[in-house]
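This structure is a prediction, so every number in the text was calculated from the model and none was measured.
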Amino acid sequence: MKFKYLALPLMICSATVSAEEYTSISEANYSEAEKSFGDVDQFDIGTTYYFAPKETMGPLKEFEYINKTSNLFAGYSYQDYDGDADILAVGGEYFAANGLVVGGSVADFEGDNRYRASVGYLFSPNFLLSLESEKWEDRDADYFVNASYNHQLSGNDYIGFSFSTDDNFDSRTLSSKFFKELGGETWFTANASYTANDDFEDIWLVGTEYYFSKATSIFANYNKEETLGLGVSHFFNRNIAGNIAYTTNSDTDVDTFLLGVTVQL
């Protein structure tokens with residue numbers, strides 16, 4: 001009997017040690033798109049700082065479906081084709097102890113500013129509902145309703161759902177992600193999204209990722225425009241990862257190559 005009581009805390013300790021914690025996640029990506037009218041080079045860099053540690057779900061780049069940690073973020077994007085174009089954005093979220101959630105961001109698109117503000121409520125750790133406004137300079141504001149629900153399965157496994165619509169219900173997006181541990185420190189994810197729009201054609205996307213270990217994974221995705229994406233991600237240590245991705249579309253004859261670096265501290 002003593003052995004049984006001693007084994008339980010040891011098992012709990014082992015499960016705790018396997019998870020990593022981070023307070024900042026930064027990414028830098030370079031991509032080159034080979035289009036019929038020429039190559040388009042793009043550089044993206046972004047960082048998010050969390051005011052409390054974020055715990056991994058096993059793989060070093062997998063975290064909880066619904067973020068519940070206050071944060072600040074910033075991003076910059078530069079595109080080079082027939083003239084330069086860049087985008088700068090900053091923002092953040094605050095999660096109060098009583099469940100109230102507020103957020104905001106501002107982005108500069110070549111002198112055309114976009115402002116976003118949101119307020120929501122975390123009804124439970126697994127259900128978040130928010131209202132969001134988006135305002136471009138010299139234009140009327142648009143309003144959206146967003147909802148996210150996480151259904152926890154055994155252990156860290158889950159299936160999550162998110163839904164977003166504008167105030168006129170003209171555009172509706174439903175997305176989902178499934179996360180499952182397969183055993184032997186391997187994991188599997190599947191994701192899908194579908195957008196129905198009264199003014200445009202509906203669009204959809206499906207994707208999957210397989211983790212050979214908590215550090216290494218391969219992924220693939222495919223969308224309605226018949227664009228196929230393939231890639232690999234690998235953490236060289238607990239803090240630094242490299243990413244390689246390739247997308248192709250036979251109809252538009254566009255191929256895109258991407259190299260990326262992720263730093264988690």
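Checked for salt-bridge contact, Arg114 and Asp142 miss the test: no charged N lies under 4.0 Å from a carboxylate O. Using a 4.0 Å cut-off between a side-chain N of Lys or Arg and a carboxylate O of Asp or Glu, Asp198 and Arg172 qualify as a salt bridge. A salt bridge links Glu64 with Lys54; the closest basic N to acidic carboxylate O contact falls under 4.0 Å. Using a cut-off of 4.0 Å between Lys/Arg side-chain N and Asp/Glu carboxylate O, Glu27 and Lys61 are scored as not salt-bridged.
Put simply, the side chain of Val145 reaches to within 4.5 Å of the side chain of Leu131, judged on heavy atoms. The closest side-chain heavy-atom distance from Thr195 to Ser171 is below 4.5 Å. Residues Ile203 and Glu225 meet the side-chain proximity criterion, which asks for heavy atoms closer than 4.5 Å. With a 4.5 Å cut-off on side-chain heavy atoms, Val40 and Gln79 count as touching. Tyr50 has its side chain within reach of Asn67: a pair of non-hydrogen atoms, C-beta onward, lies under 4.5 Å apart. You'll find the side chain of Phe144 stays beyond 4.5 Å of the side chain of Asp167, heavy atoms only. Inter-residue side-chain proximity for Phe178 and Leu153 is flagged as met; some heavy-atom pair is nearer than 4.5 Å. Residues Leu265 and Asn239 are in side-chain contact: their nearest non-hydrogen atoms beyond the backbone lie under 4.5 Å apart.
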Before giving the answer on side-chain contact (heavy atoms from CB on, under 4.5 Å), spell out for Val101 and Leu128 the whole-Å C-alpha distance, their side-chain angles and the decisive distance to 0.1 Å.
CA-CA 9 Å; Val101 184; Leu128 173 64; 4.0 Å; yes
Show the numbers, then the answer: is there a side-chain contact (heavy atoms from CB on, under 4.5 Å) between Arg238 and Tyr22?
CA-CA 10 Å; Arg238 71 176 297 274; Tyr22 301 96; 3.7 Å; yes
ring-ring contact (aromatic ring centres under 6.0 Å, His included), that's the test. Do Phe161 and Tyr149 meet it? Break it down for me.
CA-CA 5 Å; Phe161 300 92; Tyr149 172 73; 7.1 Å; no
Side chain to side chain donor-acceptor pair (under 3.5 Å) assessment of Asp202 paired with Tyr194:
CA-CA 7 Å; Asp202 296 353; Tyr194 188 92; 2.7 Å; yes
Verdict with reasoning, Asn146 to Glu132, per side chain to side chain donor-acceptor pair (under 3.5 Å)
CA-CA 8 Å; Asn146 307 305; Glu132 181 182 15; 3.2 Å; yes
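In this structure, a donor-acceptor pair under 3.5 Å is absent between the side chains of Tyr115 and Ser105. Side-chain contact annotation: Ser193 with Ser175, donor-acceptor N/O pair under 3.5 Å absent. Side-chain N/O atoms of Glu93 and Asn71 include a donor and acceptor closer than 3.5 Å. With no hydrogens or angles considered, no side-chain donor-acceptor pair links Glu20 and Thr56 at under 3.5 Å. Checked by atom type, the side-chain pair Asn113/Glu137 shows a donor-acceptor distance below 3.5 Å. For the residue pair Tyr211 / Glu62, a side-chain donor-acceptor distance below 3.5 Å is found, with atom types taken as modelled. Between the side chains of Tyr143 and Asp166, no donor N or O sits under 3.5 Å from an acceptor N or O. A donor and an acceptor atom, one from each side chain of Thr256 and Ser31, are nowhere located under 3.5 Å apart.
No side-chain donor-acceptor contact under 3.5 Å links Ser77 to the backbone of Asp44. Between the side chain of Lys177 and the backbone N or O of Ala192 there is no donor-acceptor pair closer than 3.5 Å. Side-chain atoms of Ser130 never come within 3.5 Å of backbone atoms of Ser118 as a donor-acceptor pair (strictly under, hydrogens ignored). The closest donor-acceptor contact from the side chain of Asn168 to the backbone of Asp170 lies at 3.5 Å or more, if one exists at all. Within the 3.5 Å criterion, the main-chain N or O of Ser213 finds no donor-acceptor partner in the side chain of Thr216. Side-chain N or O atoms of Asn249 include none that pairs as donor or acceptor with a backbone N or O of Asp253 at under 3.5 Å. A distance-only check finds no donor-acceptor pair linking the side chain of Asp86 to the backbone of Tyr76 [under 3.5 Å].
Residue pairs meeting the ring-ring contact (aromatic ring centres under 6.0 Å, His included) criterion with at least one member in residues 84-110, sequence neighbours excluded: Phe109-Trp136. Among residue pairs with one or both ends in residues 225-253, those qualifying as ring-ring contact (aromatic ring centres under 6.0 Å, His included) are His234-Phe236, Tyr246-Phe257; sequence neighbours excluded.
Counted within 6.0 Å of CG on Asp84, heavy atoms from surrounding residues, nucleotides or ligands total more than 12; the atom is thus considered enclosed. Summarising the local packing, CD of Glu201 is surrounded by 12 or fewer heavy atoms from other residues, nucleotides or ligands at distances under 6.0 Å. By the 6.0 Å contact criterion, CD1 on Ile244 is open, its count of non-hydrogen atoms from other residues, nucleotides or ligands being 12 or less. Summarising the local packing, CG of Asp251 is surrounded by more than 12 heavy atoms from other residues, nucleotides or ligands at distances under 6.0 Å.
Using the six-membered ring where Trp is involved, Trp204 and Tyr222 have ring planes that are tilted, between 30° and 60° apart. Below 30°, between 30° and 60°, or above 60°: for Tyr121 and Phe123 the angle between ring planes is above 60°, a perpendicular geometry.
Looking at Tyr65, Phe63, Tyr210, Tyr158 one by one, the single match for ring pair (Phe, Tyr, Trp, His ring centres under 6.0 Å) with Phe179 turns out to be Tyr158.
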